[in-house]
Amino acid sequence: MSFGKGCHLHLIDGSAFIFRAYHALPPLTRKSDGLPIGAVAGFCNMLYKQIEANKGPDAPTHVAVIFDYSGKTFRNEIYDKYKANRPPPPEDLRPQFPLTRDATRAFNIACHEVEGFEADDIIATLSRQAREAGGRCTIISSDKDLMQLVGGGVEMLDAMKNKRIDADGVREKFGVGPERVVDVQALAGDSVDNIPGAPGIGIKTAALLINEYGDLENLLEHAEEIKQPKRRQALIENADLIRLSKQLVTLVDDMDLDFTLDDLELKAPEPEPLLSFLTEMEFRTLTKRIADQMGVEPPAIEVSAAPVDTPDAPPFNAGKYEWVKDVDALTKWIERIYERGYVAVDTETTGLDTMRVDLVGISLSVEAGEACYIPLRHKESAGDDLFASDALAEGQMNFDVALTMLKPMLQDESILKIGQNMKYDAKIFARVGVDVAPIDDTMLLSYALHAGLHNHGMDALSERYLDHSPIPIKPLLGAGKSAITFDKVKVADAVPYAAEDADITLRLWQMFKPRLHVEQVTTVYETMERPLVPVLAQMEMNGIKVDRDVLSRMSNNFAQKMAALEAEIHELAGRSFNVGSPKQLGEILFDEMGLEGGKKGKTGAYATGADVLEDLAAEGNELAARVLDWRQLSKLKSTYTDALQDHINPDTGRVHTSYVIAGANTGRLASTDPNLQNIPVRTEEGRKIREAFVADEGKVLLSLDYSQIELRILAHIADIDALKQAFRDGLDIHAMTASEMFDVPLDEMTPDIRRKAKAINFGVIYGISGFGLARNLRIPRKEAQGFIDRYFERFPGIRTYMDTTVEYAKEHKYVKTLFGRKIHTPEMGSKGPRAGFAKRAAINAPIQGSAADIIRRAMVRMPEAIYGMPAKMLLQVHDELIFEVEEGAVDAVTKVVRDVMEGASMPAVKLDVPLIVDAGVGVNWAEAH
DNA sequence: CTCGTCACG
DNA sequence: GACGTACGTGACGAGT
């Protein structure tokens, strides 16, 4: 049947379907290999619903799904900033694009995209053809850019709201008929697509003007006549931009297409290709539903494909690993990787500082027992050679050739790159211009599965799960002063070591990946571990600018004060000794001066901690007081003002910390080399160090932190009405607790009573004990216990929470955060003092862990949220994020970041309390905090 | 390499 | 009845 009168064409906006599906569904993955599949699932469901919903009398005769071609379009040539604000699609969505095309074809529906054009242009062209042939056309989309096409038998249909949009609907939205929509859009512009338009003119004003002057050209010609000076000026000054905008928003409706309307004729889906596609995607429910509807037997979905059990994994054999020396050998590996769809990757470098080391070689593995090493920059001479030469060793590919060959594979959306601690390798690759994606990380898989049970380093995992001790690196590099870097290792020695790491990584992945579902931590891994890798890698590469001179001046200052104190201390002690030695200090205080004090078990040394010295100082001991002063300065100098200077990268002038994703059992990050999560703030003197952390010229540091996030989570989890209400009312929570506990009205609150309540609030989070609170508040233990009893009396829900949590931990040997993170508590139920530790850790973990989850979720969403804004995320300090922002953009960035942070629990968890984020700005961190 | 100490949330 | 006790981290210097 040739398309004509009586025919009805349905054009589905494929990209809109994909994004809607992606955002509507959790990040599902294919069970057998972890391929992200949520958007495809949603897409198929929407397509199927669309088919089912259109079987009535108004059924289409012709259907097509139209997609955007990935890449630049002709509009970018007209205007280079077109859609430049659009963030790139999420990493786990990209591999799903081709699959949605496959899905469309599997449903036996025509599917088209054209290079250099947008889907909207194709839709415009087809709808015009349909109209001219005398038929009808329904565009299934709610995109306002398509509204210009409505009329003359062309309508739109919002599939979500099931609402048809005709010419009246367009008038409602734009204030003008479809034929004038582009004029209004050209004037109003569009910040999402970066259409400039005229400043200060929105849709309302634009419609008003167009209705008054008939069309855009006439309006521009008569712009001088406009009464309002602002509008007149905007139109006159921006006439060219407005005409350009019109060009951008006007859809091309006369494309040369290599298919006709007749090719889009609706055909019934064929059971075979459709069901085999759905089975391949492992969509159980949909496969069954469609099979039933077609009246055929649903095919079985066997999920044992690749990993699951690998009882026949071959034993480790380092002799079997391949030394890749030339293009032919590497080509073969790349071909195998494409056959497989995944590869384990590991990089060897000249050190551990990712910002400075060189890439020395790359290892790959696609199957247990089979791995290769591609040496690239090994030096000629071996370690025993006295004069190491700079010449490259034999048997290595040219560095650039190898990278050029590997780069497309490493960046290919359809190839999963598996690594152990991929953040490290991703940073190394980023420095040679390769953006590795998508990735899986065995360290993070283990973290999601086993947090609390053991560490997640490769050696430990290999021993524990593969019963294999990896080849140690020590014999290759040596130790101490004579240690060499990996590029000095003989290639023949490097091959088995390096290739084995890839082999181990692959085997661990095969073992761990299927366990995610079994342990119900897929969502944890997919939303809070894996997507964090590129985010943290970027933050670490950003670094934060540190002013060396500020630190250096402080160091000198501290050194002088310390010298003076040291002399004073020696004077008081009656002899000279090392003030930094707790052992010597203890002997002086307790033996020579004969003060009261006890030994501390294991080493037999006296305890001289701050608490001990403070007690002595309070009794009037001058020596103890001076040592405390000295210690504070010593700490600040050695750990901060001195050490920090050594961490300033000479190339960037910035300090690049490294975040440990799988370090803390609770889900918190840890910061190392240097630790930027413990920069002083509590004392005036220490806080000055933060003045050395500065923003680049023209920029400021912006700090946003969650207010009382752990107490809010406690209020939510333990379901304490009084606390929840207090947070909703924005009350001072410690004062409110104090008032409740000590029967003091809020307006009679004293700082001291509030301080006690604050200590109790924190104590609760940590699994309070009378002893601990007594020590913290320096009050008699009995009194502390009285406070605690009173607290539980007033908030009985807290006790219930603690009891049920401990019971849960006893039974399951793990606890869970609000977002499903499991924290294992293997010590639970053991005897002795360890029982107490385990109990308190179990009480604390869901609280601290949920807070950690929330900021992780915020961080994962941040790059997209601030995309296109002149802002960089630099640091995370547990409940605080620090950004470097161009001065003029501070307000805009603050709003966006605050929204993301305050909404980070959604949609997974709707908290009963609001999350509140405080913001600060300054030229340095001291000001911003 | 372990311990004591102390910086942070 | 005694025992040890706030939760989670990392870095430094001393001393083995």
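Source: prediction; values computed, not measured. Because only heavy atoms are used, hydrogens play no part in the values below, and waters and symmetry mates are left out as well, while side chains stay in.
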Item to check | Pi-cation contact, A:Phe837 with A:Arg840 (under 6.0 Å, within 45°) | outcome: yes
Item to check | Nearest-nucleotide pick for A:Lys583, side chain only, options being C:dG15, C:dA6, C:dG8 | outcome: C:dG15
Checklist entry - In whole Å, what is the span from the NZ atom of A:Lys635 to the P atom of C:dA11? => result 10 Å
Next on the checklist: At 4.0 Å (heavy atoms only), tell me whether A:Gly763 reaches a base, stays on the sugar-phosphate, or touches nothing.
Outcome noted: base
Next on the checklist: What's A:Ser769 touching, base or sugar-phosphate or nothing? Going by heavy atoms closer than 4.0 Å.
Outcome noted: base
Checklist entry - So, is A:Arg775 close to the C:dA6 phosphate, meaning a side-chain N or O under 4.0 Å from OP1 or OP2? => result yes
Checklist entry - Taking A:Asp853 as the fixed residue, which of A:Thr527, A:Thr666, A:Thr817 is the one that meets the side chain to side chain donor-acceptor pair (under 3.5 Å) rule? => result A:Thr817
Next on the checklist: Does anything in residues 670-687 of chain A come within less than 4.0 Å of DNA chain B? Heavy atoms only, and list the residues if so.
Outcome noted: A:Gln677, A:Asn678, A:Ile679, A:Pro680, A:Val681, A:Arg682
Item to check | Touch class at under 4.0 angstrom, heavy-atom based, for A:Ala845 against every strand present | outcome: nothing
Next on the checklist: Using a heavy-atom cut-off of 4.0 Å across all strands, would you classify A:Asp879 as base, sugar-phosphate, or nothing?
Outcome noted: sugar-phosphate
Checklist entry - Quick one: does A:Arg781 reach the base of C:dT5 with a side-chain donor-acceptor pair under 3.5 Å? => result yes
Next on the checklist: What's the closest nucleotide to the side chain of A:Leu773 if the choices are B:dG9, C:dT9, C:dA6?
Outcome noted: C:dA6
Next on the checklist: Would you say A:Gln848 and A:His878 are linked by a side-chain donor-acceptor pair, where the criterion is simply a distance under 3.5 Å?
Outcome noted: no
Checklist entry - Whole Å only: how far is the OH atom of A:Tyr447 from the C1' atom of C:dG8? => result 11 Å
Next on the checklist: Tell me if the aromatic rings of A:Tyr791 and A:Phe787 count as close, with their centers under 6.0 Å from one another.
Outcome noted: no
Checklist entry - So what does A:Ala851 hit on the nucleic acid, given a heavy-atom distance under 4.0 Å: a base, only sugar-phosphate, or nothing? => result nothing
Checklist entry - Does A:Ser581 put a side-chain nitrogen or oxygen below 4.0 Å from OP1 or OP2 of C:dG15? => result yes
Checklist entry - With both distances kept under 3.5 Å, what pairs with B:dC1, Watson-Crick or G-U wobble? => result C:dG15
Checklist outcome for this item: Taken to the nearest whole Å, NE2/A:His878 to P/C:dC7 is 16 Å
Next on the checklist: Rounded to whole Å, please give me the gap between CG in A:Leu875 and C1' in B:dC8.
Outcome noted: 13 Å
Item to check | Residues in side chain to side chain contact (heavy atoms under 4.5 Å, CB included) contact with A:His454, at least two apart in sequence or another chain | outcome: A:Ser446, A:His450, A:His456, A:Leu461, A:Arg464, A:Tyr465
Checklist entry - Does the pair A:Arg778 and A:Glu783 meet the rule for a salt bridge (Lys or Arg N to Asp or Glu O under 4.0 Å), with working shown? => result CA-CA 10 Å; A:Arg778 294 164 184 282; A:Glu783 194 182 341; over 6 Å; no
Next on the checklist: Students often get this wrong, so: under 4.0 angstrom with heavy atoms, is A:Ala759 touching a base, only sugar-phosphate, or nothing?
Outcome noted: base
Checklist outcome for this item: Paired to C:dG1 by Watson-Crick or G-U wobble criteria (both distances under 3.5 Å) is none
Item to check | Cation-pi, A:Tyr814 ring and A:Lys822 (6.0 angstrom, 45 degrees) | outcome: yes
Next on the checklist: Rounded to whole Å, please give me the gap between NE2 in A:His647 and P in C:dG10.
Outcome noted: 14 Å
Checklist entry - So does A:Ser634 get a side-chain nitrogen or oxygen closer than 4.0 Å to the phosphate oxygens (OP1/OP2) of C:dC12? => result no
Checklist entry - Does OP1 or OP2 of C:dA6 have a side-chain N or O of A:Arg840 closer than 4.0 Å? => result no
Next on the checklist: Roughly how many Å apart are B:dG4 and C:dT5, using the P atom of each and rounding to a whole number?
Outcome noted: 12 Å
Checklist entry - How is A:Asp705 classified with respect to the nucleic acid when contacts are heavy atoms under 4.0 Å: base, sugar-phosphate, or nothing? => result nothing
Next on the checklist: Over all strands shown, is A:Gly609 touching base, sugar-phosphate only, or nothing at heavy-atom distances under 4.0 angstrom?
Outcome noted: sugar-phosphate
Next on the checklist: What is the distance, to the nearest angstrom, from the NZ atom on A:Lys758 to the C1' atom on B:dG9?
Outcome noted: 12 Å
Checklist entry - Counting any heavy atom closer than 4.0 Å, what does A:Ala852 reach on the DNA or RNA strands: base, sugar-phosphate only, or nothing? => result nothing
Checklist entry - Counting any heavy atom closer than 4.0 Å, what does A:Ile765 reach on the DNA or RNA strands: base, sugar-phosphate only, or nothing? => result nothing
Checklist entry - Given the P atoms of C:dA6 and B:dC6, what is the spacing between them in whole Å? => result 15 Å
Checklist entry - Out of C:dT9, B:dG4, C:dC12, which nucleotide sits closest to the side chain of A:Pro582? => result B:dG4
Next on the checklist: Under 4.0 Å, counting only non-hydrogen atoms across every strand here, what does A:Gln584 touch: a base, just sugar-phosphate, or nothing?
Outcome noted: sugar-phosphate
Checklist entry - A:Tyr525 and A:Tyr447: aromatic ring centres closer than 6.0 Å? => result no
Checklist entry - Base, sugar-phosphate, or nothing for A:Phe762, non-hydrogen atoms under 4.0 angstrom? => result nothing
Next on the checklist: Measure CD/A:Gln876 against C1'/B:dC8 and give the value in whole Å, please.
Outcome noted: 12 Å
Checklist entry - Mind checking whether A:Phe693 and A:Trp925 have parallel, tilted or perpendicular rings, split at 30° and 60°? => result perpendicular
Checklist entry - Rounded to the nearest Å, what distance is computed from the CD atom of residue A:Glu614 to the C1' atom of nucleotide B:dC6? => result 11 Å
Checklist entry - Nearest of B:dC6, B:dG9, B:dT5 to any side-chain atom of A:Arg668? => result B:dG9
Item to check | Between A:Asp673 and A:His647, a side-chain donor and acceptor under 3.5 Å | outcome: no
Item to check | OP1 or OP2 of B:dA7 under 4.0 Å from side-chain N/O of A:Gln632 | outcome: no
